[in-house]
Amino acid sequence: MGFMGDRSTLLETGRFVRAESEPGTGAGDTAPLVNAQTVLTDAEFLDKHSAEEMFAETDAASDAELEARHRVAADQGDPGAMSVLGALLLRRGDLSGAEPYLRGATGEGDRAAANNLGVLLHQRGYPEEAADWWRVAAVAGSAPAAHALGRHFRERGDEPAAEYWLRQAAESGHALGAYGLADLLEHRGDKGVERWFRAAAEQGHREAAYRLARHLRKGDPTEAEQWYRQAAARGHRRAALHLGALLEARGELKEAGRWYLTSAKQGEARAACALGFLLRDAGDEDNAAAWWHRAAQDGDANAANALGALHAARGETQTAERWYRTAMDAGDQNGAYNLALLCVAQDRTAQAEQWYRRAAYAGHREAANALAILLLQGGDAAGAEPWFSKAAEAGSVDAAFNLGILFASRDEDRTALKWYERAASAGHTDAALQVGIALVRDGEERAAERHLRCAAGGGSAEAAFRLASLLESLAPPAEPVALGEPAGGAPRTESEEWYERAAELGHRRAQVRVGMLAAARGDLAVAARWYREAAEAGSRNGAFNLGLLLAREGSEPEAALWWTRAAVAGHGRAALRLGLLAARHGDLAEGQKWCVRAMELGPAEVSERAARLRQALAEELSA
């Protein structure tokens, strides 16, 4: 088929399609169909690819036919034919053959030829002369030439000139010009970035679609997802990676896995790593390991660390160590940190310290915290403190809490509280508990309540117990029960709810308190259950109270067993009860023994009663 029409639209047939660059490489990305002039002015592309790679494969016979049709007219001086023939020869890589035809057509004012002559000269290493011809074409209205000229000036650091020509191309509707202008504006932090990325993306520029999605992901995640999808569907591997991550965060794991797989197959190591984690979470460790292996070989340190953890969990410590070293060699200090953890598990303390230090010196805050703990365990508190401080200043919440403990052990309570408050503000449950305890001690109950609520809400049984105690102390006295009303008719208080939560978490004192509250309501079965649970966990108060309930029910032998356990653990009242029980059964010597124990344990009231009973038993024995 021959060419007809205005010279300015010559070759705008869509037959010459630029070969796709590697997904995500940036400025080389383009729309699927562009004219030959647009293709031949992409300066960055020409630096990376030969002329033969600039177009999709076409039928050799049609190329020969095109060339034959135009050669005769070109040799006779027809400018349009010279321009077309020059472009065909340039595409084939025949620079020497193309140049005279392009120069001839340019001399006749053909702007497409001037544009392509600039491309030819750029390929030959004459960028300044190329820029002169691009300027000629751009002034004549060629958007591709304006784009090429803008790229030329940007490569030379002349950003004002680059912006001028890229804007000319962009405002003419040139996709690469719009992309180049957006890239320049983003580099400078100027406005208008989103507008021009959008202009390029709407013309099918996949890198522009990806970059636009990155701009939109915080402000408009829904639209960002649409652009990620468009770029990913066109083979942009990083867009597929980010789309997979977005879907995974939303819980759509199946579709996320498909996009990760697409990206991974295109060579994106991070996608292969992410796919490995999805497979591991689904229970498919073998395939997870295969993708991690692939990603690790491509330099992904996260995948190497994941392989190390997988082999460590299987007890394959040598293989785990090898992968951790691979991660470390890839520049990820998590590898050194994980090596230290591996050494700690094997009691190789000296080597663990070495790896902790390496990671800590590289800025790994958790390694700094772990190193400080290791030094503290070895008795080097002075050496531990600066590492705790370094980790805390780097944002380690655990390190801030540990500094609080360290200063509290030195009775530097003010400094300790400062670090506890810092950790608590970052959500550290135990730190919030310590702040709450300190505020209660200082009489600031309402401020203490806020911190105790945070800690209790975070799952701390001790905080729940202390919050319940605080709320109970702040509550107004209960109104007396009216005559004829059941003792347990009053609604449960918030403090009771917190006592129960602490009790359910295994807090022994809370269990005893819940038992006491149940007993006060007359619910002895519930009281006995909580007393028993506390007693079996080692609570002497729980054992004593359980003994009281059992004795009331007539189970005196079992009551004696629990009182004995409580008395041995240091409960004076339990020892006194045993003394009374022995005296009632006529075992005066046993009774004296428990009275002596009760006198030793106290409190004062118990000691006085035990002394009187012991005296009576002594008189009975001597009678």
Using side chain to side chain contact (heavy atoms under 4.5 Å, CB included), reason through R211 and Y179 one step at a time and then give a plain yes or no. CA-CA 10 Å; R211 301 273 290 274; Y179 175 81; 2.7 Å; yes
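- Here the closest heavy-atom approach between residue V193 and residue E186 is recorded as CG2-N, 3.4 Å.
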Worked verdict on L375 versus L371 for side chain to side chain contact (heavy atoms under 4.5 Å, CB included): CA-CA 6 Å; L375 293 170; L371 174 60; 4.1 Å; yes
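- A 4.5 Å side-chain heavy-atom check between M516 and R513 finds at least one atom pair inside the cut-off.
- In terms of modelled atom types and a separation under 3.5 Å, the side chain of R597 and the main chain of A575 share no donor-acceptor contact.
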Passes salt bridge (Lys or Arg N to Asp or Glu O under 4.0 Å), R322 versus E316? Steps please. CA-CA 10 Å; R322 177 167 59 84; E316 300 165 358; over 6 Å; no
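- Atom CZ of R509 is surrounded by 12 or fewer heavy atoms from other residues, nucleotides or ligands within 6.0 Å.
- Note that the CG atom of L185 and the CZ atom of F197 stand 8.5 Å from one another [nearest 0.5 Å].
- Side-chain atoms of E321 and H311, non-hydrogen and from C-beta on, never get closer than 4.5 Å to each other.
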Please step through side-chain hydrogen bond (donor to acceptor under 3.5 Å, both in side chains) for the pair N338 and N305, ending with a clear verdict. CA-CA 8 Å; N338 288 332; N305 274 316; 3.0 Å; yes
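- Within the model, atoms OH of Y420 and CD of Q434 stand 4.5 Å from one another, a figure rounded to the nearest 0.5 Å.
- Under the 30°/60° scheme for interplanar angles, the aromatic rings of H428 and F401 are found to lie parallel.
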Please evaluate residues F544 and Y531 with respect to the criterion side chain to side chain contact (heavy atoms under 4.5 Å, CB included), reporting the C-alpha separation (whole Å), side-chain torsions for both, the decisive distance (0.1 Å), and the verdict. CA-CA 9 Å; F544 174 70; Y531 287 151; over 6 Å; no
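- Qualifying side-chain hydrogen bond (donor to acceptor under 3.5 Å, both in side chains) partners for H242, counting only residues two or more places apart in sequence or in other chains: Y210, R214.
- Not one N or O on the side chain of S460 forms a donor-acceptor pair closer than 3.5 Å with the backbone of A456.
- Scanning both residues, A232 and W259, for their nearest heavy atoms gives CB-CZ3, 3.5 Å.
- Residue A424 comes nearest to A431 through the heavy atom pair N-CB, 3.6 Å, listed as atom of the first residue, atom of the second, then distance.
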May I have the step-by-step check of side chain to side chain contact (heavy atoms under 4.5 Å, CB included) for R446 and L439, ending in yes or no? CA-CA 9 Å; R446 291 303 177 188; L439 291 171; over 6 Å; no
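- Judged purely by atom type and a 3.5 angstrom limit, D220 has no side-chain atom pairing as donor or acceptor with the backbone of L216.
- Across all non-hydrogen atoms, the minimal contact from A367 to A360 is CB-N, 3.8 Å.
- Taking both residues in full, the closest heavy atoms of R532 and L550 are given as NH2-CD2, 4.3 Å, listed atom of the first, atom of the second, then distance.
- Within the model, atoms CD of E605 and CG of L576 stand 9.0 Å from one another, a figure rounded to the nearest 0.5 Å.
- In this structure the side chain of H293 reaches within 4.5 angstrom of the side chain of W323, judged on heavy atoms.
- Between C273 and W291 the shortest side-chain heavy-atom distance does not fall below 4.5 Å.
- A cation-pi contact links R410 to F407, judged by a cut-off of 6.0 Å to the six-membered ring centre and 45° from its axis.
- At least one side-chain heavy atom of L374 sits under 4.5 Å from a side-chain heavy atom of Q377.
- Side-chain atoms of I437 and H451, non-hydrogen and from C-beta on, never get closer than 4.5 Å to each other.
- Nearest heavy-atom pair, A567 versus L601, reported as atom, atom and distance to 0.1 Å: O-CD1, 3.9 Å.
- Within the model, atoms CD of E462 and CG of L433 stand 6.0 Å from one another, a figure rounded to the nearest 0.5 Å.
- Considering only heavy atoms from C-beta on, Y260 stays 4.5 Å or farther from R270 through its side chain.
- Contact check for Y499 versus F465: side-chain heavy atoms found under the 4.5 Å cut-off.
- Among pairs with a residue in residues 244-262, those fulfilling salt bridge (Lys or Arg N to Asp or Glu O under 4.0 Å) read E225-R250, R229-E255, R250-E252, at least two apart in sequence or across chains.
- Rounding to the nearest 0.5 Å places CG of L339 at 11.0 Å from OH of Y356.
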Set out, in order, the CA-CA distance, both residues' side-chain angles and the distance that settles salt bridge (Lys or Arg N to Asp or Glu O under 4.0 Å) for E207 and R238, then state yes or no. CA-CA 9 Å; E207 178 68 14; R238 282 187 292 166; 3.7 Å; yes
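- Residues W227 and E223 bring a donor and an acceptor atom of their side chains to less than 3.5 Å of each other.
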